[in-house]
Amino acid sequence: MTTTELLKEPSEPAEPAEPAEPAESTTVRPVSAAGPATDADADADADDDGRDDAPEVRRNTSSVHASDLLALAGAAVGSLSLTVLLFVWIAPFDSALGFVVVAYLLFLGVYAVLVSFDEDGVVVRDKVAAVLWQSLAVLLLGALVLVVAYTLWRGKSALVHLSFFTEDMARTGPLQPLSQGGVVHAIVGTLEQISISLAITVPLGLACAVFLNEVPGRYARFVRTIVEAMTALPSIVAGLFIYATVILILGLDKSGFAAALALGVMMLPIIIRAADVVIRLVPGSLREASYALGSSRWRTVWTVVLPTARSGLTTAVILGTARGIGETSPVLLTSGVNAGLNADPLDGPQISLPLATFDLVRSPQPAYVARGFGSAALLMALVLLLFVLARVIGGRGPGELTRNQRHRRVQASRRDAERMSGRDRLGPRPSTPPTALDPATE
């Protein structure tokens, strides 16, 4: 077949083409001779596309607005002006405390009126309640700062001397300067008494709290009722109880040990009650999971419940310690006052820091009063130290490991990996052929 014949052969009929979709209408803008499109052209394109290229306005997520600040300032000025008008021109009042109370009440009323101009009733009540609680928080914080600052200011003349921390008052009289004498005997007595009290109350308190939660029943309800009643026990009653039972009936002398027992009577219900509430918060699913794995009840308590509630239990112990470390009357009844150092809690009177503060500030001599305020400052520092230690010990969450514990876990994992890799290098163990059963045992 020649080339001419090939060209003359009819080709296969082509498939009918699908109708083309109409193209979207576009606006063609001529390019100006001056150069590229201008900002006006870009805005026109944005309008044609239906988009808004304007920058978004950043929202203010703060809970404090300018109107709130203006309302607070206006209420403060208005209440102060009305109070001055009332106390100076209208009524013959001259009480400073009354002035503050009336000014605060007028402040709340004026603030509610100012807020009601812009907000509805629910928002007005919410903002007034917020101002009320925040002002009470500021009041309590100010009172705490005032107490601490006043104690440090009155005791600064004694705290600057090293002898205040290293000497006792056995050879120091009322007229001796502050460079002589100190309260080391009270520091030793406080530490020994509170240590003995903690050694007695912590095991008993935690065991009782576990019993109240793990062994419910009538007796548990009775014990919980007694514990709740003893949390409000006056300190003088605890001191009289130990004085009557330990000193009068058993015949023991007044000593630091008897004072520690009296402090323990006061600390025990606080620890039990707080630990009971904390253990109740442990999820029941953790106990159920432990029981499902075959653990006994007491092993579940020891390995699941107590570690989970560790932070709260530490707080419970600190609350009990803070209750007992500042008491004076139980120590006065069961131990007595001494001016010299007595490091033996089982023999002779032993004073504590609260009792030393009470005994020193009663004196009319300024040197004794300064030492008394210095003792109070030391007591506050000791309580702060206990709270810091509690935060360090119990501040970790349930299951959170320390740095040393994580290091030990990593080392154990590495040893396990090396052992498993060595087992893989040795190859599979030879399988032992099955032994025939003894017909006698069938």
So [Y] and [X], do their side chains get closer than 4.5 Å, heavy atoms only?
X: S295; Y: T303; result: no
X: L286; Y: V305; result: no
X: V246; Y: F241; result: no
X: D253; Y: I247; result: no
X: V361; Y: Y368; result: no
X: S375; Y: V183; result: yes
X: R224; Y: R273; result: yes
X: D126; Y: V122; result: no

Show the nearest heavy-atom pair for residues [X] and [Y], with the distance to one decimal.
X: I272; Y: A209; result: O-CB, 4.0 Å
X: A259; Y: S335; result: CB-CB, 3.8 Å
X: A356; Y: A186; result: CB-CB, 3.8 Å
X: S163; Y: L178; result: OG-O, 3.8 Å
X: V265; Y: M230; result: O-CE, 4.2 Å
X: V115; Y: A71; result: CG2-CB, 4.4 Å

Are any side-chain N or O atoms of [X] and backbone N or O atoms of [Y], one a donor and one an acceptor, separated by less than 3.5 Å?
X: T315; Y: S311; result: yes
X: D120; Y: V123; result: yes
X: S290; Y: R287; result: no
X: Q350; Y: N342; result: yes
X: S116; Y: V113; result: yes
X: R297; Y: E214; result: yes

With rounding to the nearest 0.5 angstrom, report the [atom1] to [atom2] distance, [X] to [Y].
X: I279; Y: T308; atom1: CD1; atom2: OG1; answer: 10.5 Å
X: Y111; Y: S79; atom1: OH; atom2: OG; answer: 13.0 Å
X: D168; Y: I187; atom1: CG; atom2: CD1; answer: 11.0 Å
X: L353; Y: L360; atom1: CG; atom2: CG; answer: 10.0 Å
X: F257; Y: E192; atom1: CZ; atom2: CD; answer: 12.5 Å
X: I325; Y: L198; atom1: CD1; atom2: CG; answer: 8.5 Å

| message | If the threshold is 4.0 Å, N to carboxylate O, is there a salt bridge linking E119 and R125? | response | no

| field | Carboxylate-amine/guanidinium proximity below 4.0 Å for E327 and R323 | value | yes

Under a 3.5 Å cutoff, is there a donor and acceptor pairing between the side chains of [X] and [Y]?
X: S235; Y: S329; result: yes
X: S135; Y: Y104; result: yes
X: S352; Y: T190; result: no

More than 12 heavy atoms from other groups under 6.0 Å of [atom1] on [X]:
X: Y291; atom1: OH; answer: yes
X: R280; atom1: CZ; answer: yes
X: F211; atom1: CZ; answer: yes

| request: Decide yes or no on side-chain contact (heavy atoms from CB on, under 4.5 Å) for V304 and V282, but give the supporting numbers first. | output: CA-CA 9 Å; V304 176; V282 177; 5.5 Å; no

| request: Under the side-chain contact (heavy atoms from CB on, under 4.5 Å) rule, what do F87 and V102 come out as? Steps first, then yes or no, please. | output: CA-CA 10 Å; F87 273 68; V102 172; 4.1 Å; yes

| message | Checking D359 against R362 for the side-chain contact (heavy atoms from CB on, under 4.5 Å) test, could you report, in this order, the C-alpha distance in whole Å, the side-chain angles of both residues, the deciding distance, and whether it holds? | response | CA-CA 6 Å; D359 185 61; R362 291 189 306 165; 3.0 Å; yes

| request: Evaluate side-chain contact (heavy atoms from CB on, under 4.5 Å) for L85 paired with I90, printing each intermediate quantity in order. | output: CA-CA 7 Å; L85 180 63; I90 299 178; 4.3 Å; yes

| W153 vs Y150 aromatic rings, parallel, tilted or perpendicular, using cut-offs 30° and 60°? | tilted

